[in-house]
Structures are given as C-alpha cells and as structure tokens.
Amino acid sequence: PVNHGYKVVLAAKQMGFKLAVIHQLDLFAPKPYEAALDAFDIDIAVDSWVDLEQLHAIVERELAGHRIVGTYAGAEITLKFDVSLRHKAGLPATPVEVIDFCLNKFKVRNHLYQQGLTGLRCLSKQQILELDHWPFDRPMYFKPCHGGGSIKVFRCESFEDLQQAVASWDDKDDVHVSILREYLELENEYLLEEAAEGELISVESFVYGGDVQVLGISSRTVLKRDISVEMGATFPYRQQFENAVLEKVKQLHQALGIVHGPTHTEIMVSDDGAVELIEMNLRFAGADVLEICCRAYESNIAESLVRLGCGQNPRLPASSANKVATLQYILAPNTVKRFDSIRFPEQADFYRAQKPLGTDLMSTDNQLDHVGCFIMAGDDYDSLMQAADKVRHGIRINDAIIGDDINNIVIQR
C-alpha cells in the first residue's frame, strides 16, 4: 500500500476486518496515515510479483486458518496476483486474462482501434525499430507497454526525438522504484501512438456486476514545460461534454470486458467535443485523489472501496458533491539535490511530504519525483484554482520559496 491505500487500510480496520498486508517495498506511511502501520495483523513480505504460483504458496502458508473476504490493490504490478487471489477466494473479479490484456497499452489501443472506439493509431516496438524517417503529420507519444507515472514517456515530434527515446529505453537507472522497474521490464516492450490534443480529464468509477458506477470527473493540473507530467487533480469537475465522456467510458469498459473493481479512465476531450481514451487504469486514482473525493462529498469514500473489495455493492453517495477539492503536487527545483524540508502556507487544508526528509533526489522531472502535496477545498472551481496557485507559489523547500521555478509553473485546467 502507498498513498491513498493507507486510507483504505484505516477504513477496513474501522469496519472490523483483520488485515494482512502483502508488500515488496518497505512499509512507509507518511502523515496523516502513520496509524495505518499499526492496523496490520499479518505482515507478508515478498521478493517479486511476477511468479503467481510462488505468491499463492506464500499466502496460503501465511494465512493458513484464515478466510479471505476481501482484497485491495493499487499498483499495476500487483493486479494480476490480486485478481487471481480473488478467484481462488470466490470473490467477484474481472477475469485474469482480461486484466493481463488491459495492462498492455499496445494491445488495448489496437483492440479499441479495431472496434472503432479510438482514432489513435499506434506502432509496436518492432515497427518503430524499422523506421528510418519521420512519417507522421502530428506529434506522437513514446510509451512503455507496461508503465506508470509518466516514466519513459516522451513526446516526439521528429525522427531525432524518437531516436533519443529509443536510446533511453535500455537505461533504467532513472527508474528508482523497484516495482516500477520490474513492471516496465515485464515484456520490455514499448509503443508509439498518435498524440491526442485537448483537455485531459479522468473519470473515477466503481464497476460492480458489470455496471459502471461513476463517482465523478477529475480535471488536471499539468506541468507547463512538459504536459505529460501531472501536477494535480480537482474533483468534481463539470466538463461541458460530460454526457459524451461518460457514454464513451461505459463503452470502453464493455469493450475491454471489465466487470469488477475501481477504474481510473484518463480521457482527452477536444475543443469540438471529440472524446479519446488516453489510458484505462484498473485501479483507483493514485496519490491522494481519494482524499479530495472524500472532502468533496463530505463522506468516507474509502468505505466504498472496502465494500467493493469485499465483493459488495460499493453504495456510492446518492447526492452530488457539496464541495470542490483540489490536490496539488510539488516538484523540487532542479538545483535541489537533497530534500531536507518542505513548508506549506497555512491556507492549505491538508499537506504532507511525499518523500522522507533527507532523501537524495536522483531526478526532479517526473511524477515519481513529487516531494510533497497539499489539498484545499472550496465552494466553486475558479476561486479554488486561484487560491491553490497562491499556496503553490508560497511553498518553501529547504527554506527557499519555490515561486516561479520552472518545476512549479503549472497549467490549471
């Protein structure tokens, strides 16, 4: 568990469950989630998520005498094991082969293109390596087939850009999280797909019995110098083409065979209302998006995730959200090599460091490099965005105000 996963852990404990944690990384729960570390009754450490038979043998040994009544997973590399565990426990789940297929971005894009549900063409690794010039009339995105957090994602506008992206692929020294590196190398494949232009949003949904229950739409804050780096989310967001967006999202779930679990569907909406899939994620939104959903609805949405994990109807709030809440991420300036402190203006309702103080920063340019975040809530979208920008510019890292540093200039959607 990381980030919002600890909020789910605390909700499950409060609901009376006995909890087992299965983890590869060292357990670390930052404030305000530190109480979650005391919530675990059984601690199971594993070396890898790839060998499912070995993982099942470990779990069967460690949980002998217990009955598994629910599961929750939030990292892509854990999802195949999670769903196979659910099937063994008799819990509702999307089929394992569907999960395996949906985790491969190239397979998903090709399938949806054939179904007429995406207009974005893509090339495989082999097709990319056969290119000797730039044959496209638009920008393209180089992506891992198995990836996350914008790692190894490059916007390419020329053959030279593409050559640089390919050259960087084999060097994984900039991937500092072991589970992400392992995930990238599952098949060691990448793709090149057409760029979609417009407004990036996401739809947060719970799928129960094949029915897509929409929690709401999130807008995006992105880094101005590189819009592939997400720097925040605001929930709920009223998108002018909302009906078309939600209809498309339901069609995508049906086409891919997703029948159970939380989903985080990233969508691009053009100025004329064309709706295009960017990525389908078979998990709830990352970082602290769960916290802003709770604040917007003034309800503990984590309990809905626990119920869904136990195979029950998640029972989403019956009424619309009362508030608007925003989550804003922080990158350290490129000159910062060691992260010693971070201070937030008092206007922030919630804030935390996302890396332990004293961490040496190997890089400061992608989503896994976020050093902190803050949350604010308000009554309307526009005034909340203005207030969030003021707080962002007043944050101090290592006692220096980050202000208009290039890593802090964002576009609020």
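The figures that follow rest on heavy atoms only: side chains count, while hydrogens, waters and symmetry mates do not.
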* Structure fact -> Interatomic distance, CG@Leu55 vs CD@Glu60, rounded to 0.5 Å, equals 11.0 Å

* **Donor-acceptor contact present, side-chain Arg181 to main-chain Val175, <3.5 Å** => yes

Taking only distance into account, with no hydrogens and no angle test, what donor-acceptor pairs under 3.5 Å do side-chain atoms of residues 205-219 form with protein atoms, sequence neighbours excluded?
residue: Ser218; atom: OG; partner: Glu204; partner atom: OE2; Å: 2.9
residue: Ser219; atom: OG; partner: Tyr381; partner atom: OH; Å: 2.6

* Asked: Got Asn366 and Ser228 here, is their nearest side-chain heavy-atom distance under 4.5 Å?
  -> no

* **Nearest non-hydrogen partners of Ala325 and Ala296, listed with the distance** => CB-N, 4.4 Å

* **Polar contact flag, side-chain donor to acceptor under 3.5 angstrom, Thr118-Glu276** => yes

* Any side-chain heavy-atom pair from Ile330 and Phe374 closer than 4.5 angstrom? -> yes

* Asked: For Asn334 and Thr364, does a side-chain donor sit closer than 3.5 Å to a side-chain acceptor?
  -> yes

* If you draw a 6.0 Å radius around CZ in Arg155, do more than 12 non-hydrogen atoms from other residues or ligands fall strictly inside? -> yes

* Which value, rounded to the nearest 0.5 Å, describes the distance between Asp43 atom CG and Leu19 atom CG? -> 12.0 Å

* Asked: side chain to side chain contact (heavy atoms under 4.5 Å, CB included) with Ile179: which of Leu184, Leu25, Thr78, Val2?
  -> Leu25

* Asked: For Ala377, does its backbone N or O pair with a side-chain atom of Lys323 as donor and acceptor, under 3.5 Å?
  -> no

* Check whether any side-chain heavy atom of His66 sits under 4.5 Å from a side-chain heavy atom of Ile68, and report yes or no. => no

* Asked: Between His260 (side chain) and Leu308 (backbone), is there a donor-acceptor pair under 3.5 Å?
  -> yes

* Got a donor-acceptor contact below 3.5 angstrom from the Asn398 side chain to the Ser341 backbone? -> yes

* Check whether any side-chain N or O of Arg86 sits under 3.5 Å from a backbone N or O of Thr94 as a donor-acceptor pair, and report yes or no. => no

* Structure fact -> Residues passing the ring-ring contact (aromatic ring centres under 6.0 Å, His included) test with Phe344, sequence neighbours excluded, are Tyr351

* **Leu191 versus Pro144, closest heavy-atom pair with distance** => CD2-O, 3.6 Å

* Structure fact -> Here the gap from Ile395 atom CD1 to Asp405 atom CG, rounded to the nearest 0.5 Å, amounts to 12.0 Å

* To do: Would you list the pairs meeting ring pair (Phe, Tyr, Trp, His ring centres under 6.0 Å) in which at least one residue belongs to residues 120-141, sequence neighbours left out?
  => Trp134-Phe136

* Any side-chain heavy-atom pair of Trp169 and Asn188 under 4.5 Å -> yes

* To do: For the pair Asp288 (side chain) and Cys373 (backbone), establish whether a donor and an acceptor sit closer than 3.5 Å, ignoring hydrogens and angles.
  => no

* Asked: Does the Thr234 side chain pair with the main chain of Thr326, one donor and one acceptor, at a distance under 3.5 Å?
  -> no

* To do: Grab the two heavy atoms, one from Ala29 and one from Leu37, that are nearest each other, plus how far apart they are.
  => CB-CG, 3.7 Å

* Between Phe154 and Phe142, how do the two ring planes meet: parallel, tilted or perpendicular, split at 30° and 60°? -> tilted

* Does atom CZ of Arg121 have more than 12 heavy-atom neighbours from other groups under 6.0 Å away? -> no

* Qualifying side-chain hydrogen bond (donor to acceptor under 3.5 Å, both in side chains) pairs with a residue from residues 1-11, counting only residues at least two apart or across chains -> Asn3-Arg352, His4-Tyr72, Lys7-Glu291

* Does the pair Lys152 and Glu189 meet the rule for a salt bridge (charged side-chain N to carboxylate O under 4.0 Å, His left out), with working shown? -> CA-CA 11 Å; Lys152 297 297 182 183; Glu189 297 280 329; over 6 Å; no

* To do: Consider only side-chain N and O atoms of Gln126 and Glu130, and report whether a donor and an acceptor are under 3.5 Å apart.
  => yes

* To do: Answer yes if the side chains of Glu193 and Tyr113 hold a donor-acceptor pair under 3.5 Å, and no otherwise.
  => no

* Do His253 and Thr265 have side chains that get closer than 4.5 Å, going by heavy atoms? -> yes

* Report the C-alpha separation of Val108 and Asn104 in whole Å, then their side-chain angles, then the decisive distance to 0.1 Å, and conclude whether the side-chain contact (heavy atoms from CB on, under 4.5 Å) test is met. => CA-CA 6 Å; Val108 167; Asn104 187 306; 5.8 Å; no

* When the ring planes of Tyr33 and Phe350 are compared, do they come out parallel, tilted or perpendicular, using 30° and 60° as the limits? -> tilted

* What's the spacing between Arg109 CZ and Ser124 OG if we round to 0.5 Å? -> 15.0 Å

* Asked: How about Met231 and Val222: do any of their side-chain heavy atoms sit closer than 4.5 Å?
  -> no

* Asked: Does CG in Asp271 sit with more than 12 non-hydrogen atoms of other residues, nucleotides or ligands closer than 6.0 Å?
  -> no

* Asked: With a 4.5 Å heavy-atom cut-off, do Leu277 and Leu117 have their side chains touching?
  -> no

* To do: Please round to the nearest 0.5 Å and tell me the distance separating atom CG of Leu180 and atom CD of Glu185.
  => 10.0 Å

* Asked: Between Trp49 and Gln24, does any side-chain donor sit less than 3.5 Å from a side-chain acceptor?
  -> yes

* To do: Apply side-chain hydrogen bond (donor to acceptor under 3.5 Å, both in side chains) to the pair Gln254 and Gln115, showing each step before the final yes or no.
  => CA-CA 11 Å; Gln254 183 176 13; Gln115 297 289 314; over 6 Å; no

* Under 3.5 Å, is there a donor-acceptor pair between the Glu266 and Ser202 side chains? -> no

* Locate the shortest heavy-atom distance separating Phe106 from Leu123; write the atom from each residue and the value. => CE1-C, 3.6 Å

* Asked: Backbone N or O of Asp365 within a donor-acceptor pair of the Ser363 side chain at under 3.5 Å?
  -> no

* Over all atoms of both residues, closest heavy-atom pair of Ser84 and Leu52 -> OG-CD1, 4.3 Å

* **salt bridge (Lys or Arg N to Asp or Glu O under 4.0 Å): pairs with one or both residues in residues 226-253, sequence neighbours excluded** => Arg220-Glu230

* Asked: With side chains defined as the heavy atoms from C-beta onward, is the minimum distance between Glu197 and Arg138 less than 4.5 Å?
  -> no

* Structure fact -> Closest non-hydrogen atoms of Leu27 and Pro1, given as atom of the first, atom of the second and distance, are CD2-CD, 4.1 Å

* Asked: Counting only N and O atoms by type, is there a donor-acceptor contact under 3.5 Å from the side chain of Asn281 to the main-chain atoms of His264?
  -> yes

* To do: For residues 70-82, pull every pair meeting salt bridge (Lys or Arg N to Asp or Glu O under 4.0 Å), keeping only residues two or more places apart or in separate chains.
  => Glu76-Arg283, Lys80-Asp100

* Roughly how far, to the nearest 0.5 Å, is CD of Gln367 from CG of Leu331? -> 9.0 Å

